[in-house]
Undergrad: 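Sharing a structure with you now.
Given the structure is predicted, the values throughout are model-derived calculations rather than measurements.
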Amino acid sequence: METETATRWLTDEEQCAWRTHLEVNRLLTYQLEKDLQPFGLTMNDYEILVNLSEADGVRLRMSDLAAATLQSKSRLSHQITRMENADLVRRENCESDRRGLYAVLTEHGLETMKKVAPHHVASVRRHFIDLVTPEGLSDLSKTLKPIAEHLRGQRGRP
């Protein structure tokens with residue numbers, strides 16, 4: 001028989017930290033997305049372009065790209081279709097696995113990355129990095145790393 005444990009409600013300080021994190025996450029994502037709009041890109045588009053631009057041969061298996069971007073395979077497929085229509089990426093068959101597909105960065109996609117990346121980095125600096133002291137950034141990294149490691153370990157678990 002399961003024993004019920006009492007809920008560990010958040011203290012005022014914990015709730016403040018949690019709600020501030022949620023607000024910053026939403027506001028920062030909104031602002032970065034807004035700053036990508038003049039280039040016709042979404043944050044998802046940009047994340048895919050970054051992952052492909054950093055991959056060997058500027059290509060990744062669709063399943064690996066879905067895992068890297070935390071998207072379902074069907075959602076990624078729709079995203080890649082939109083990006084194909086914009087000539088940012090193309091799909092290629094995988095020779096070693098007939099069912100496998102690669103997403104490949106096109107020349108236009110690479111040129112787009114080269115054009116957009118400086119603007120995106122400036123936006124990240126303006127709305128995040130430059131608002132925190134170097135010590136604060138170090139503390140933030142130390143604080144968030146165990147959370148990221150924990151959550152990476154939870155991927156794929158029910």
Side-chain angles (χ1 to χ4, degrees), residues 1-56 58-86 88-89 101-103 105 109-110 112-158:
M1 181 173 148
E2 268 185 60
T3 59
E4 216 172 293
T5 58
T7 300
R8 291 182 53 216
W9 296 108
L10 302 179
T11 66
D12 289 346
E13 185 176 353
E14 290 168 337
Q15 190 165 94
C16 181
W18 174 243
R19 287 185 178 180
T20 300
H21 159 72
L22 291 177
E23 182 181 23
V24 167
N25 185 49
R26 284 191 304 267
L27 289 169
L28 183 59
T29 300
Y30 172 83
Q31 186 63 53
L32 295 176
E33 184 97 29
K34 185 178 169 186
D35 290 348
L36 286 172
Q37 284 177 353
F39 301 99
L41 298 176
T42 66
M43 283 292 291
N44 284 336
D45 295 335
Y46 189 78
E47 184 179 17
I48 288 167
L49 293 176
V50 167
N51 275 277
L52 292 176
S53 71
E54 293 175 348
D56 287 337
V58 296
R59 69 186 202 159
L60 286 169
R61 287 184 66 111
M62 290 284 286
S63 56
D64 294 336
L65 186 56
T69 59
L70 300 176
Q71 294 188 55
S72 68
K73 291 178 186 176
S74 64
R75 180 179 168 152
L76 178 66
S77 182
H78 290 295
Q79 181 83 25
I80 293 297
T81 297
R82 280 191 330 92
M83 294 178 76
E84 279 182 310
N85 291 337
L88 298 168
V89 300
L101 285 174
Y102 285 102
L105 190 62
L110 186 58
T112 298
M113 270 300 298
K114 288 177 181 175
K115 180 175 82 175
V116 175
H119 295 277
H120 180 69
V121 170
S123 179
V124 170
R125 284 198 163 283
R126 184 171 57 256
H127 301 299
F128 183 76
I129 299 296
D130 292 345
L131 300 176
V132 183
T133 66
E135 298 79 20
L137 285 173
S138 178
D139 290 345
L140 186 61
S141 291
K142 288 175 190 169
T143 300
L144 295 178
K145 276 184 182 177
I147 298 168
E149 289 169 8
H150 167 77
L151 293 172
R152 278 193 295 272
Q154 296 297 305
R155 287 175 59 184
R157 294 185 185 174

Undergrad: Report yes if the side chains of F128 and L137 come closer than 4.5 Å at any heavy-atom pair, otherwise no.
TA: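 Of all side-chain heavy-atom pairs linking L137 with F128, at least one is under 4.5 Å.
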
Undergrad: How many angstroms lie between atom OH of Y102 and atom CZ of R61, to the nearest 0.5 angstrom?
TA: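 Rounded to the nearest 0.5 Å, the OH-CZ separation comes to 5.5 Å.
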
Undergrad: So do the side chains of L65 and I80 get within less than 4.5 Å of each other, counting heavy atoms only?
TA: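 Sidechains of I80 and L65: in contact.
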
Undergrad: Throw together a table of side-chain donor-acceptor distances under 3.5 angstrom for residues 19-32, partners on residues two or more places apart or in other chains.
TA:
from	atom 1	to	atom 2	distance (Å)
T20	OG1	C16	O	2.7
T29	OG1	N25	O	2.8
Q31	NE2	D35	OD1	3.0

Undergrad: Can you tell me how far the CZ atom of R75 sits from the CG atom of N44, to the nearest 0.5 Å?
TA: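 Here the rounded value is 5.0 Å.
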
Undergrad: With side chains defined as the heavy atoms from C-beta onward, is the minimum distance between V132 and L140 less than 4.5 Å?
TA: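 No, their side chains stay 4.5 Å or more apart.
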
Undergrad: Taking the side chain as every heavy atom from C-beta outward, state whether F39 and T112 have any atom pair closer than 4.5 Å.
TA: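 Of all side-chain heavy-atom pairs linking T112 with F39, none is under 4.5 Å.
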
Undergrad: Would you say that Q79 contacts T42 through its side chain, given a criterion of any heavy-atom pair below 4.5 Å between the two side chains?
TA: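 Yes, at least one pair of side-chain atoms sits under 4.5 Å.
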
Undergrad: Which value, rounded to the nearest 0.5 Å, describes the distance between L41 atom CG and L49 atom CG?
TA: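 Those atoms lie 6.0 Å apart.
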
Undergrad: Could you pull out all residues at least two apart from H127 that satisfy ring-ring contact (aromatic ring centres under 6.0 Å, His included)?
TA: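 H127 satisfies ring-ring contact (aromatic ring centres under 6.0 Å, His included) with no residue once adjacent residues are dropped.
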
Undergrad: Calculate, to the nearest 0.5 Å, the distance between atoms CG and CE belonging to L76 and M83 respectively.
TA: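 If we round to the nearest 0.5 Å, L76:CG and M83:CE are 9.0 Å apart.
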
Undergrad: Side-chain contact test, heavy atoms from C-beta onward, threshold under 4.5 Å: evaluate it for V50 versus H120 and give yes or no.
TA: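 Side-chain contact under 4.5 Å: no.
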
